[in-house]
Every structure is written in C-alpha cells, then in structure tokens.
Amino acid sequence: MPSQVAGFAGLALKSLSPTQIAFIANLPKAELHAHLNGSIPIATLQEIARDFPVGDDQSDQVKVGLEKLQHPDGVGLEEIHDFFRLFPAIYALTATPEALRRATRGVLREFLEIDDSIGGPQCTYIELRTIPKSTGLMSRGEYTRVVLDEIEKYPAEQAALIISVDRKMNETEMGEVVDLAVSLKEEGRRVVGVDVCGNPLNGDMNHLEPHIVKAKAAGLGVTLHIAETKDNPPAETLKLLSYEPHRLGHATFLDDEAKEIVLGSSDMCIEICLSSNLLCKTVPSLEDHHIGYYLDRNHPVAICTDDILPFRNSLLGEYALLMAAPPFGLGLKEAQVTRIAEMSLRSRFGH
Ligand code: 6MZ
C-alpha cells in the first residue's frame, strides 16, 4: 500500500479527475532524484523503529526528529536548514545491515510495485541514490552492497544505484566514495552514476575535480546538486558546471551566465523537485518555479520526488502538480506532460 500523499502534491492529486489520474499513472516515467534515507515510506520507518528501537541514550535531536517525521502531514519546515537536521534521526534507525535492507526494500516497493488504487507503479524505472556510510556496524562498502543487493532483485530496466558524495566530506573521503563507485561498477554491480549532495552550504567543491574526472572515465554518469540556495556563490556554481555534469539537481539559483552554459549543453537534464523546493521555501510558489524557464526553452527536465519521507509526496503527486489547474498545479496539457515523462526516460544513466 503506498503512503498517503499530503501537502502541495496531495492537493494537486485531489483536484484531478479520475481520468487525469489514470493518464499520469499510465505514463512510463523515470524517478531520477530520490535519496534513499529520505525516501523511506512512513510505514516502513515505523516498522523499523518498532523492531530496532533506538536506545535511551540517543540525543534529543534524534528523539525530536523521529516525532516530527511521523507527523501525518509531513514535517513543517521554516527553511531548508531545518530539513538537514532531520537526518540524524533517520540514520539512528538505519545503522544496522538488517534495518538498512528493510528500508531499501520499502523504498523500492513504494516506487516500483503496483499500487492497486492507481492501477500501476509510481514509476517504470528508478535511480535511487545514497551516501555510503560507515556506521560502526557496516563499512561504506558493506553499506553499499546491502543497498545494491536489494536493487539488483529488480531487473536492470527497473532499478539502479547512484552513489552520493556528501558535500561535507573532505577530499580523502570524496576519493574513497568515488573509488568505491568505480570498483563496484567494475565488479559488474549496478552502479550507474555519482552525485554530490548534502547541506548546500557545506564543503569545498574545488576538491571534487579529480574525482569527477575519474568517475566519468569509468563510464559513470555525473549529477550534481547545484545552486540549491540563494547563498551558494556564483563562483561555486560555475566551478561545478566546469566539471560538465550530465545532470543537475535543483539548479534553483542559476544566474544568467550559468543558465547560458546549461542551455548550451542541450542534454544537461535538470532534476526538478517541485514539492521539495516549495516545502524548503527555496521557491515561493509553483508559478515562480524555474521549471517554467526550462520548459519554455524545450530544455530537458525530469520530475522527481527528492525525499518522500519528510515531504509526504509521491511521483504521481509531482506529476499531478504539472497537470492540475492553477492554483493547485501548472495546468499543463497531456501532450506536455507526456513529453516531460519521456525526457525523464531519455536522461537515465542506466537502461
Ligand atoms: C541536498 C539532500 C537533499 O544519502 O543518506 N539530501 N541533499 N538537497 C536535498 N534536498 C532538499 N535531500 C536529501 O539520503 C539522505 C541524504 O541525502 C541528502 C542529505 O545529505 C541527506 O543526509 P542518504 O540515503
């Protein structure tokens, strides 16, 4: 049973007719930007919390975070930095191999298995991403293999893994993570790309360069979270673009120079996360969202969920935001929505 959809995506879904819902449900589409620990269905998180309770010694941040995450409407955020404060709570639950396995299984089911109420799955293909963590009970390599074991239970046409570097990592750690991605790919495991994510104000993006070169040389796709907040300096954005990534995450605050570079590379797909941007308040309204700029210029975009656990959205809900009439959505026509779904499939790193 899929999780209940709330927030902007929930309102958009409620405003659609059954025929419109059937239309978006039946569109073949790819989910290209979903963070594993942010995408655990609430029911799975609660099961894990029941079976592997966190100890009494856990910090208040963990206890308060778990309470907030279980609110039926999702988490109320004042600003994007509140969002990153939630993850210690989730990580306290997914630190053991068995809990991580269950979390991954829950995420894949949520996206790929048939939901009877819509007559199909949320998406036809998912590139799930995660930061390999060493938790005390697992090394980074063991962590990633647990996730891959679950992903590889599905055919390659349905699921693959992107390995994320966290912006806060130092240069040595960034190298370790990219080397892990390359060696797993060489072993024949289903790693299709690398990503850079994490709190947008952390870290030094100049350290990435040799690692991105290495990832590309190994045939991995590269996607970078870029200009997610107004405080990301333009020089950092240009540096990230100089690595010539294949896709961009968010790309909310690109200035004219950066936009020109992006538009000049006609296949640099932008992973668009509408609910995420609205709820983190980096975009004031759907009307103001930068998706409009790229659609007007026929530049590739992929509609994505980002983190369904705190945002309580779904991929269907994100597509509903495209189709619903204003003020609930952008009021796009069926042909436009079909074209957007096709763009997501064309921008896959894997099959
Ligand atoms: C930047 C984000 C993110 O890797 O532990 N993450 N990074 N911007 C976002 N949008 C608001 N949403 C999630 O998944 C959780 C991690 O993904 C990154 C954060 O670093 C978060 O800790 P994994 O599976």
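As the structure lists them, so they are numbered: ligands from 1, and atoms in each ligand from 1.
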May I ask you to identify, for T130, whether its side chain, its backbone, both or neither come under 4.0 Å of ligand 1 on a heavy-atom basis? both

Counting from 1, what ligand 1 atoms have a heavy atom of F87 closer than 4.0 Å? 15 (C), 21 (C), 22 (O)

How about E113: does its CD atom have over 12 heavy atoms from other parts shown lying under 6.0 Å from it? yes

Residue pair H207 / N170, side-chain donor-acceptor N/O under 3.5 Å: no

Polar contacts were defined as any N/O atom of the residue lying under 3.5 Å from an N/O atom of the ligand; does this apply to S164 and ligand 1? no

Given V107, which of I40, N37, V147 fulfils the side-chain contact (heavy atoms from CB on, under 4.5 Å) condition? I40

Heavy-atom nearest neighbour in the protein, as seen from atom 11 (C) of ligand 1, with distance rounded to 0.1 Å: E228 OE2, 3.2 Å

Evaluate L45 against I42 for side chain to side chain contact (heavy atoms under 4.5 Å, CB included), listing each step before the verdict. CA-CA 5 Å; L45 188 89; I42 184 66; 4.3 Å; yes

Less than 3.5 Å between some nitrogen or oxygen of N199 and one of ligand 1, yes or no? no

Consider side-chain contact (heavy atoms from CB on, under 4.5 Å). Of N277, L13, L278, which one does F8 pass it with? L278

Report yes or no: does a heavy atom of R167 sit under 4.0 Å from some atom of ligand 1? no

Evaluate the salt bridge (Lys or Arg N to Asp or Glu O under 4.0 Å) criterion for residues R167 and E228: first the C-alpha distance (whole Å), next the side-chain angles of each, then the deciding distance (0.1 Å), finally the verdict. CA-CA 13 Å; R167 288 180 60 115; E228 200 177 345; over 6 Å; no

Could you check atom 17 (O) of ligand 1 against the protein and tell me its nearest heavy-atom contact, residue, atom and distance included? H35 ND1, 3.0 Å

Just which atoms of ligand 1 are under 4.0 Å from any heavy atom in I131? 4 (O), 20 (O), 23 (P)

Indicate, with yes or no, if the rings of F83 and F311 have centres closer together than 6.0 Å. yes

Below 3.5 Å, N or O to N or O, backbone or side chain included: is there any such pair between G198 and ligand 1? yes

Is the closest side-chain donor-acceptor distance between Y319 and Q20 under 3.5 Å? no

Structural part of D306 in contact with ligand 1, heavy atom criterion under 4.0 angstrom: side chain

Of all the atoms in ligand 1, which lie at a distance below 4.0 Å from a heavy atom belonging to H250? 10 (N)

Any nitrogen or oxygen of D166, side chain or backbone, less than 3.5 Å from one on ligand 1? no

Distance from atom 12 (N) of ligand 1 to nearest protein heavy atom, with residue and atom: D307 OD2, 2.8 Å

How close does the nearest protein non-hydrogen atom get to atom 22 (O) of ligand 1, and which residue and atom is it? Y91 OH, 2.7 Å

If you count the atoms of ligand 1 from 1 in the order shown, which ones are under 4.0 Å from a heavy atom of L36? 24 (O)

Can you tell me how the ring of F87 sits relative to the ring of Y91, calling it parallel under 30°, perpendicular over 60° and tilted otherwise? tilted

Is it the case that over 12 heavy atoms from other parts of the model lie below 6.0 angstrom from the CG atom of D288? yes

